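Here's the structure we're looking at; comments come further down.
Because the structure is predicted, anything quoted here is derived from the model rather than measured.
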Amino acid sequence: MARPIGSIKDHLVFLLTLVGFAGLILYAYSRQDSQPATTEVAKPPTPTRPAGPVRVQEFGQYALWWDGIPEQVKMDRVDTGAHTNIYPSDYSGPESCRKCHEENYDSWSKHPHHWMNALADAETVKGDFSGNAKIEYLGGTATFYRDGEKYCMQLERDGVRHVSEINQTIGSRFYQYYVGRQLEGPEPADHPRYTEDHVLPFGYWLDRKEWVPIVHVHEPDRESKDYDPFPLQASPPWNDWDTYCDQATDLYRAQCNFCHTTFPVGDMLMRDQQKIGLFVPVNLNLSLPDYVAKATPELWDPQRQPWEVTNDEIVSILRKYRTFEAKDKAVTLGVSCEACHLGAKEHAENKAIKPKFFPASPDLAIHTADGQMDFGRTHDNVNWACGRCHVGPRPSFASGSSTWNSTEYSDAMKGSCYTKLTCIECHDPHEATGPKWSQTPAQDDASCLKCHEQFLPTDARQAHTHHPIDSEGSRCMNCHMPRINEGLQDVVRTHTIFSPTNPEMIEANEPNACNMCHVDRPIDWTLEHLKEWYDTSFNEFALKRNYPEREAPAAIGWLKSDKEHVRQVATDALTREDSTWALAELLGALDDPFRTNRQFARIGLERMLGIQLSDYGYQYYMTEEQRQEPLKRIREALIPEDLPSKPDGS
């Protein structure tokens, strides 16, 4: 959609790197150095905006105007009236919803969203802080204990000790991570570890009742580069706060808490411009000076005009928004009602005023193709409520789908179904989710068949799938949403709805839906059936290059891939299919250079074999050297001399 700003873009004169996602380039427009014109009058003059360019950051259809929204942009905007739902004063908190929506409130109270972030206390802390629990990791020891009312995590190695107090919890469904500040350590007293909340390096695995290293906070690479939580001092040795704030991946308030808590949507418009702009369904503009002056007046000098505020001062304001403490500035810790419903104070006070599902304020300029805007529970508004948080960059498969979770909406938008489908078709936003998917395969199929009615007749569906009705091969999601996404403790379904004939995945020798069930079959078997059933063909040159062992089971080829995410899916698929014939290869996954792959191999093998690998002294987070002796014992105990080496038992 074209932006109605005329020749303003002709004044683009520089690029400015801002805080935000690492490496993100934000576009800004400069202002002229000339002073505002004044007139000789008895009263102080009112400064006028200098002629020339104005400053704005643009991401997709979202623009944050540093000097206020120009009149040209305000022209033909959608009239939102006086109603506003973006400011802190527009929010009333979940307790105000309870009196009328008691059923939804009670269900939400048990929902993982509610407990995504909470203050640490006897009700919220799930980990073992008895003082008897510990973990040995990378030559150090972590212990977990109570000190009066405090929950403490102690790290010690080579006589150097760190002690941190836990202030907040993250999650309570599969794992619980902890946010805290350091109480003791070798760092200087003014180091931010003592003053700033950050994610601590060990979390509690609730199902297994054990402490484990955290993942995907500090990005783990190959084993030699895994994050070491036992530094002699801060590592890297950041010396000033600005650099630490910009770069520290463990600074919770700068990187994590905005989606783990409920902030006013206006704060999100200020803070996460890239996320807002990714999938905002219409053209949206916000006046930075108007919002800051009303939402956080302590950050804005009312005596100055917006264009008199320097770039550095604006950047400083944006940095402050990025580092707001949730307990000070959020509506609630955790994800509560108004994270999706937006500021609903007017509705809570007068139920006749229905809440809007899209930002509304006189300080916004919204443009649509026809000049109309439905602020209600529309397809686009509902999906964007989820998409404001469930988006972002991830490593990807050849198809573009993410390799690990939390960016489900980004993945969903890579397919075509979400032009009509909404997230809440499958996910009740108020209903508590358990550790396992609760819908039956038939219910999942029914979700798809609402739109794909041509497959409602069983004979039509069987002709399409070439599998018997109600078999695993007839299920829509097994073929179109296969389990290739790393979840918290399971490989889960991708939210990219795509075809099992996807050439990018097949030609790259990455997981395809057919061989995820038929793990014992070679790729040529799959290609033959896809050709026969769907008249597909693939690039033979790519196949020859990427399948060095065409006659081998495809899943074994994935297990040998140089891509860690492909190996992870291979292990999961093979163990789901109880592939004891591949046990020798699967045990090799316990020695994978990536820690999460070793963890998922442990989960799959223990499930398949009905054993506990810890009985052999194995822990997936051991160093390569430490693992060798337990792995030797495991192989000797589990691999008989007459173990078949092929799927047919030979």
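We find that Glu625 and Arg627 are not joined by a salt bridge, their nearest charged nitrogen and carboxylate oxygen being 4.0 Å or further apart. In summary, Glu549 and Lys560 engage in a salt bridge, as defined by a charged side-chain N under 4.0 Å from a carboxylate O. Ionic pairing of Arg394 and Asp411 is not present here: no N-O contact between side-chain nitrogen and carboxylate oxygen is shorter than 4.0 angstrom. Electrostatic pairing of Glu540 and Arg550 counts as a salt bridge here, judged by a charged N lying under 4.0 Å from a carboxylate O. At a threshold of 4.0 Å, the pair Arg181-Glu165 does not count as salt-bridged, since none of the basic side-chain nitrogens sits closer than that to a carboxylate oxygen. Salt-bridge formation is detected for the pair Arg208/Glu606: a Lys NZ or Arg NE/NH1/NH2 atom is positioned less than 4.0 Å from an Asp or Glu carboxylate oxygen. Between Arg475 and Asp445, at least one side-chain N (NZ, or NE/NH1/NH2) sits under 4.0 Å from a carboxylate O, which counts as a salt bridge.
At distances below 3.5 Å, at least one donor-acceptor pair connects side-chain atoms of Arg253 with backbone N or O atoms of Thr323. A donor-acceptor pair under 3.5 Å is formed between the side chain of Arg157 and the backbone N or O of Leu138. Between the side chain of His114 and the main chain of Pro112, no donor-acceptor pair closer than 3.5 Å is present. Between the side chain of His113 and the main chain of Val335, no donor-acceptor pair closer than 3.5 Å is present.
Checking Asn502 against Ser499 by side-chain atom types alone, no donor-acceptor pair falls below 3.5 Å. Using modelled atom types and a 3.5 Å distance limit, the side chains of His216 and Glu486 yield a donor-acceptor pair. Side-chain atoms of Thr407 and Ser402 include a donor-acceptor pair closer than 3.5 Å. Remark: the Gln168 side chain and the Asp197 side chain contain an N/O donor-acceptor pair separated by less than 3.5 Å. Trp205 and Gln489 share a side-chain donor-acceptor pair at under 3.5 Å. Looking only at atom types and distance, the side chain of Trp558 has a donor-acceptor partner in the side chain of Asn509 under 3.5 Å away. With no hydrogens or angles considered, a side-chain donor-acceptor pair links Glu187 and His162 at under 3.5 Å. Side chains of Glu472 and Asn478: a donor on one and an acceptor on the other come within 3.5 Å. A donor-acceptor pair shorter than 3.5 Å can be found between the side chains of Glu136 and Thr141.
To the nearest 0.5 Å, atom CG of residue Leu333 and atom CG of residue Asn117 are 5.0 Å apart. In this structure, OG1 in Thr494 is found 13.0 Å from NE2 in His480, a value given to the nearest 0.5 Å. Separating the CG atom in Asn512 from the OG1 atom in Thr501 is a distance of 10.0 Å, to the nearest 0.5 Å. Expressed to the nearest 0.5 Å, how far CG of Leu574 lies from OG1 of Thr580 amounts to 11.0 Å. In this structure, the separation between CD1 on Ile634 and CD1 on Ile639 is 10.0 Å, given to the nearest 0.5 Å.
Closest approach of Tyr547 and Met505 over heavy atoms only: OH-O, 4.5 Å. In this structure, Leu638 and Leu583 approach most closely via the heavy-atom pair O-CD2, 3.4 Å. In terms of heavy-atom proximity, Arg388 sits nearest to Lys275 at O-CD, 3.7 Å. In this structure, Pro201 and Met153 approach most closely via the heavy-atom pair CD-SD, 4.0 Å. Contact between Pro213 and Tyr620 at its shortest, heavy atoms only, is CD-OH, 4.1 Å. Minimum interatomic distance between Ile170 and Val199 (heavy atoms only, all atoms of both residues): CD1-CG2, 4.3 Å.
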**Request:** May I have the step-by-step check of side chain to side chain contact (heavy atoms under 4.5 Å, CB included) for Ser172 and Thr124, ending in yes or no?
**Result:** CA-CA 8 Å; Ser172 63; Thr124 60; over 6 Å; no

**Request:** Evaluate side-chain hydrogen bond (donor to acceptor under 3.5 Å, both in side chains) for Thr526 paired with Asn515, printing each intermediate quantity in order.
**Result:** CA-CA 7 Å; Thr526 304; Asn515 287 117; 2.7 Å; yes

**Prompt:** When you look at Arg521 and Glu551, which way does the salt bridge (charged side-chain N to carboxylate O under 4.0 Å, His left out) test go after all the steps?
**Reply:** CA-CA 8 Å; Arg521 298 294 186 171; Glu551 73 287 351; over 6 Å; no

**Message:** For Asp562 and Arg567: C-alpha separation, side-chain torsions, deciding distance, then whether salt bridge (charged side-chain N to carboxylate O under 4.0 Å, His left out) applies.
**Reply:** CA-CA 8 Å; Asp562 60 357; Arg567 298 197 302 273; over 6 Å; no

**Request:** Start with the C-alpha gap between Asn167 and Tyr178, add the side-chain angles, then the distance that decides, and say whether side chain to side chain contact (heavy atoms under 4.5 Å, CB included) holds.
**Result:** CA-CA 8 Å; Asn167 299 322; Tyr178 299 96; over 6 Å; no

**Prompt:** Where do Asp444 and Arg493 land on the salt bridge (charged side-chain N to carboxylate O under 4.0 Å, His left out) test, with the steps shown first?
**Reply:** CA-CA 12 Å; Asp444 290 338; Arg493 297 192 184 280; 5.3 Å; no

**Test log, rule side chain to side chain contact (heavy atoms under 4.5 Å, CB included), inputs Trp525 and Asp520** = CA-CA 10 Å; Trp525 176 91; Asp520 57 335; over 6 Å; no

**Asked** Yes or no on side chain to side chain contact (heavy atoms under 4.5 Å, CB included) for Trp211 and Thr143, after CA distance, side-chain angles and deciding distance?
**Response** CA-CA 9 Å; Trp211 289 94; Thr143 55; over 6 Å; no

**Item:** Verdict with reasoning, Gln568 to Asn597, per side-chain hydrogen bond (donor to acceptor under 3.5 Å, both in side chains)
**Value:** CA-CA 5 Å; Gln568 185 181 83; Asn597 281 16; 3.3 Å; yes

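Side-chain atoms of Val566 and Ile484, non-hydrogen and from C-beta on, never get closer than 4.5 Å to each other. Put simply, the side chain of Ile166 reaches to within 4.5 Å of the side chain of Leu200, judged on heavy atoms. Considering only heavy atoms from C-beta on, Val491 comes within 4.5 Å of Phe600 through its side chain. Between Ile497 and Ser416, the closest side-chain pair of non-hydrogen atoms is not below 4.5 Å. Between Asp524 and Leu527 there is a side-chain heavy-atom pair separated by less than 4.5 Å.
Taking the six-membered ring for Trp and the full ring otherwise, His466 and Tyr534 have centroids separated by under 6.0 Å. Taking the ring centroids of Tyr175 and Tyr204, they lie at or beyond the 6.0 Å cut-off. In summary, the aromatic rings of Tyr409 and His495 are positioned with their centroids too far apart to meet the 6.0 Å limit. Between Phe594 and Trp404, the distance from one ring center to the other does not fall under 6.0 angstrom. In this structure, Tyr151 has its ring center under 6.0 Å from that of Phe129. Taking the six-membered ring where the residue is Trp, the centroids of His427 and Trp437 are separated by under 6.0 Å.
Note on ring orientation: taking the six-membered ring where Trp is involved, the planes of His529 and Trp533 are perpendicular (angle over 60°, cut-offs 30° and 60°). Ring-plane geometry between Tyr137 and Phe230 is classed as tilted, the angle between the planes lying from 30 to 60 degrees on a 0 to 90 degree scale. Ring geometry for Phe144 against Phe202 counts as perpendicular: the plane angle is over 60°, on a 0 to 90° scale with 30° as the lower cut.
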